[in-house]
Each structure stands twice: as C-alpha cells, then as structure tokens.
Amino acid sequence: GDSVTQMEGPVTLSEEAFLTINCTYTATGYPSLFWYVQYPGEGLQLLLKATKADDKGSNKGFEATYRKETTSFHLEKGSVQVSDSAVYFCALSSNDYKLSFGAGTTVTVRA
Amino acid sequence: DVKVTQSSRYLVKRTGEKVFLECVQDMDHENMFWYRQDPGLGLRLIYFSYDVKMKEKGDIPEGYSVSREKKERFSLILESASTNQTSMYLCASSIHRDYTDTQYFGPGTRLTVL
C-alpha cells in the first residue's frame, strides 16, 4: 500500500538557517504529493503541493520538487524565521482521494 | 476562505460514555474525513464520506462510527469511549473525488477519556 517516510525530528535551528526535511514515498501509479503544516494549537493547512513528476511546489519561501526517479519530495527553505516553528507533514494521494501521511517533523526555530 | 469548524476544542469524557464529535464545512465540499493524530504516528484515517448518507471505512475504524445526514455536517461517534481513544481528532473536507485535491482541516478536538 501507499506509505510516506519523513525524517524524524525534532529539528532545532537558529533564525536564518537553512531547513531541509526529507520525505520519500511508496505508491502505486502516479501520486500527488503534499506538504501540510500545523502551527501550535491549530489544525493542518496546506503548505504546497505537486501533482506530477518534476513539478515544483512553492509557498512562503518553502519549496519541494516531485522527484519520481528517487520517489522523494524533500521540503526546503533557505532562511527560516521563528514563525516557521511548527510540525510539518508530508503526504500523498494516489488513485483515490485519501491522504497517507508521514509521522510529522517538529521544527523549532530559535531567535 | 474555506472554513471547517469542529464543535469542541477540548473534551473530557469517562470510559464507557457515548461521545459525539461534530464537524461542519461551509464550502459545499463533497468529501469529508475524520482523522486521529497521535505523536509519532502522523494522521490516521478513521472514516470518510463522499456524499450525504455515504461512508467508507478508513485505516482504523474500530470503535468508531460516523453519520452524514447533511452535506455540510459529518459526525464522529464513539459508541463506548475507552482510554485508548484519547487523542487529537481532526476533521477535513475536499471539493470532489480527485487525488490532486487539497484537504482543508478544522482546528481539532483534543479528547481525553478518563
């Protein structure tokens, strides 16, 4: 079945540091890939997505590229801020519309 | 903006009680979902619905049931709450049955079963 593996946290960074969170997947067919973010005390919200190979999703300075050859969708941001402290979830949706989530990575950015 | 609301942010119940969690979306979405979120496990799908009165089991339906009498409302029912159902419960909705669709989440209900 479909599955998502993302790097374990927690990750602690200083402001303006580079952030990368690795995500790899296993799926039948050609899935859509998503990054969701959960800020403290809130529900999840979509950060970015890519629906076909080589697509790049981007939002709020974050980027991720759908790499079919390595079955990966790594999240990156060049310069993080304290406000980026959150839990980040990688997810996929394949031949139906259900989402399969990774375990989540907690990111803390210190001033 | 899409808005998904959940009836309670925090709920404390006793073992054996019947528990109702309500979710309402205001954007005429066809699909609605219930997940539970536990540390280290991510989100796991309990049930989902793609139309009024329709429901399908997700990955962990045991101990839960659902009801969708109106398009905008999707209820999760714990028939007899147990301590292992202590968790964060998240509701979500999406426009239609397409694997590229974004799911929109409510703020969550943190349920504690004593």
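Note on naming: letters A, B, ... go to the chains in the order of the sequence lines (proteins, then strands), and numbering restarts at 1 for each one. Quick caveat, the model's predicted, so the values are computed rather than measured.
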Contacts of type side chain to side chain donor-acceptor pair (under 3.5 Å), residue A:S72, not counting sequence neighbours:
A:T70
Check this for me: A:E8, atom CD, are more than 12 non-hydrogen atoms of other residues, nucleotides or ligands nearer than 6.0 Å?
no
In terms of heavy-atom contacts, does OH of B:Y10 have more than 12 from other residues, nucleotides or ligands at under 6.0 Å?
no
Would you please go through residues 39-62 of chain A and name the residues with a non-hydrogen atom below 4.5 Å from one of chain B, in numerical order?
A:G41, A:E42, A:G43, A:L44, A:L46, A:K49, A:T51
Side chain from CB out, backbone as N, CA, C, O: work out which of these in A:Q38 comes under 4.5 Å of a heavy atom of chain B, or both, or neither.
side chain
May I ask whether A:Y25 and A:M7 are part of the same hydrophobic cluster, defined by side-chain heavy atoms of I, L, V, M, F, W, Y residues being less than 4.5 angstrom apart, directly or through others?
yes
Please report the C-alpha distance between B:T102 and A:Y36 in whole Å, then the side-chain angles of each, then the deciding distance to 0.1 Å, and finally whether the side-chain contact (heavy atoms from CB on, under 4.5 Å) criterion is met.
CA-CA 10 Å; B:T102 298; A:Y36 282 83; 3.9 Å; yes
Neighbour count >12 (heavy atoms, 6.0 Å) for atom CD, A:E16:
no
Pick from B:L90, B:L41, B:T100 with the largest number of heavy-atom pairs that fall under 4.5 Å of chain A
B:T100
Region of B:R9 in contact with chain A, defined by heavy-atom distances below 4.5 Å
side chain
Any residues in residues 44-76 of chain B near chain A, with a heavy-atom distance under 4.5 Å, and which are they?
B:L45, B:F48, B:Y50
Would a hydrophobic clustering, with Ile, Leu, Val, Met, Phe, Trp and Tyr connected at side-chain separations under 4.5 Å, put A:F101 with A:L33?
no
What are the residues of residues 33-40 of chain B, in order of number, with any heavy atom under 4.5 angstrom from a heavy atom of chain A?
B:F33, B:Y35, B:Q37, B:G40
Are A:V107 and A:V4 connected in a single hydrophobic cluster, I mean Ile/Leu/Val/Met/Phe/Trp/Tyr linked by side-chain heavy atoms less than 4.5 Å apart?
yes
If Ile, Leu, Val, Met, Phe, Trp and Tyr residues are connected whenever their side-chain heavy atoms lie under 4.5 Å apart, and connections chain through other members, are A:L75 and A:L13 in the same group?
yes
Would A:I21 and A:F34 show up in the same hydrophobic cluster when neighbours are defined by side-chain heavy atoms closer than 4.5 Å?
no
